[in-house]
Amino acid sequence: MTTQQGRHFLQIPGPSPVPERILRALSMQVIDHRGPEFGALGREVLAGCQTIFKTSGPVVIYPSSGTGAWEAAIVNTLSPGDKVLMVETGHFATLWRKMAGRWGLDVDFLAGDWRHGADPAAIEAKLAEDKPKSIKAVMVVHNETSTGVISRIAEIRKAIDKANHPALLMVDTISSLGSADYRHEEWGVDVTVSCSQKGLMLPPGLGFTAISDKALAASKTNKMPRSYWDWEEMLKPNANGFFPYTPATNLLYGLREAIKILLEEGLDTVFARHQHLAAATRAAVRAWGLEILCLEPAEYSPVLTAILMPQGHDADQFRALVLEKYNMSLGAGLTNLAGKVFRIGHLGECNELTLIGTLGGVEMGLAAAGVPHKAGGVLAAMQALGDLNTAVSQLAAE
Ligand SMILES: *Cc1c(COP(=O)(O)O)cnc(C)c1O
């Protein structure tokens with residue numbers, strides 16, 4: 001390894017770089033998690049999470065990765081043998097499907113090509129076919145981090161309503177929360193799953209579930225065994241800001257700061273900034289003459305862009321070269337896409353210069369790796385960025 005100067009560019013779609021303010025907030029002394037100072041912290045972050053998830057209902061915070069929060073969503077609402085409808089949007093949807101199988105759920109997995117989001121019409125058709133209304137939950141990934149495709153949750157809600165179906169709607173917002181528009185309550189989502197290390201700009205270690213009244217009611221009668229993940233055990237002490245076991249106190253300091261940072265910028269502005277940075281990234285990809293994996297413009301992810309490598313070129317070799325030469329980490333292609341795509345994360349603490357630096361590293365890397373492309377991607381991105389603040393305030397006003 002050669003020594004690297006300057007800051008490492010962590011441009012993977014999570015974990016995302018942690019802002020200095022959050023790093024400082026994390027580095028405080030641990031406090032008594034049964035004491036009054038902790039209660040105030042707990043109440044503040046639990047209320048802040050309601051603002052971020054856009055819900056008036058409870059949000060549970062686990063010391064866990066996002067995968068733990070998936071498990072919490074399943075074990076608190078469903079029973080072994082229950083039918084659920086899931087959609088193959090990519091790697092993460094497939095992992096969630098596998099977990100559902102391990103918990104004994106009977107999964108109908110709508111096949112997908114890993115280049116589109118979950119299709120509301122296909123979901124509606126499946127639910128309409130289900131005359132006995134035996135499907136207990138529709139489970140979808142909002143931002144499929146493996147493909148850079150975002151699913152239209154509000155339309156999926158409408159599809160469920162059009163089929164007049166009582167299934168719970170569960171959504172993985174692990175890589176979208178805090179970066180892409182999301183509304184737990186308005187969109188009628190029953191369980192929203194998320195975690196700390198992507199749009200919330202925190203280190204890994206917190207998992208979240210936002211819970212609707214309907215999901216809470218389901219948790220009173222469902223038959224899955226659980227202990228650590230049990231909502232009831234969590235919600236009792238949460239009422240006063242406390243936890244049933246030792247919480248990740250320092251991550252909660254960080255969470256308090258992350259929520260402050262997001263609300264200071266304003267959620268709508270945050271989302272518009274992400275959209276605009278993503279559009280500039282796509283302008284670069286098109287100028288290079290490379291192909292964006294996502295095939296549906298309405299489903300372009302504001303969080304990351306996945307780019308197909310030209311035939312005969314290995315995306316992992318390219319990423320290794322970029323890391324070695326430019327001290328930048330790009331996202332790998334996962335499972336079906338291994339070696340075929342690389343992913344540029346543009347989420348969290350990302351501004352014009354972070355993006356231009358990132359795209360500069362990619363463009364230099366393409367040349368150094370001998371990947372056929374046209375020069376001028378960075379220039380196209382600079383032109384697409386224009387005046388970020390003006391563009392963002394226009395987008396945010398829409
Ligand atoms: C990162 C990610 C996960 C996995 O989260 P972990 O914190 O690694 O358990 C699940 N779903 C999506 C969409 C993700 O981006």
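Counting begins at 1 with the first residue of the sequence. Atoms within each ligand, like the ligands themselves, are counted from 1 in listed order.
D130 and S134 are linked by a side-chain donor-acceptor pair at a separation below 3.5 angstrom, with hydrogens and angles left out of the test. Defined by atom type and a distance below 3.5 Å, a donor-acceptor pair is present between the side-chain atoms of R226 and N76. A donor-acceptor pair shorter than 3.5 Å can be found between the side chains of T192 and H184. For the residue pair W96 / T67, no side-chain donor-acceptor distance below 3.5 Å is found, with atom types taken as modelled. Side-chain N/O atoms of N351 and T354 include a donor and acceptor closer than 3.5 Å.
Within the 4.0 Å heavy-atom cutoff, E144 does not count among the residues contacting ligand 1. Residue W70 places a heavy atom less than 4.0 Å from ligand 1. Residue contact annotation: T173 has no non-hydrogen atom under 4.0 Å from ligand 1. Contact analysis puts K198 in contact with ligand 1, with a non-hydrogen atom separation below 4.0 angstrom.
Ligand-side atoms of ligand 1 in range of T145: 12 (C), 13 (C), 14 (C), 15 (O), range being under 4.0 angstrom from any heavy atom. Under a 4.0 Å criterion applied to the non-hydrogen atoms of V141, ligand 1 contributes the atoms 13 (C). Listed by atom number, the atoms of ligand 1 under 4.0 Å from S65 heavy atoms are 6 (P), 7 (O), 9 (O). Atoms of ligand 1 found under 4.0 Å from any heavy atom of N143 (numbered from 1 in listed order, with element): 13 (C). Near S175, the atoms of ligand 1 lying under 4.0 angstrom from a non-hydrogen atom of the residue are 15 (O).
The closest protein non-hydrogen atom to atom 9 (O) of ligand 1 is T67 OG1, 2.4 Å. At the shortest separation from atom 8 (O) of ligand 1 among protein heavy atoms lies Q197 NE2, 4.0 Å. The single protein non-hydrogen atom nearest to atom 11 (N) of ligand 1 is D172 OD2, 2.7 Å, given as residue, atom name and distance. Taking atom 6 (P) of ligand 1 as the reference point, the nearest protein heavy-atom neighbour is G66 N, 3.5 Å.
For E265, the side-chain contact (heavy atoms from CB on, under 4.5 Å) partners two or more places apart in sequence, or in a different chain, are T269, V270, R273.
A parallel orientation is assigned to the rings of Y62 and Y228, their planes being inclined by less than 30° (bins at 30° and 60°).
Counting non-hydrogen atoms of neighbouring residues, nucleotides and ligands closer than 6.0 angstrom, the CZ atom of R34 exceeds 12 such neighbours.
Closest non-hydrogen pair, V371 versus M309, comes out as CG2-CE, 3.6 Å.
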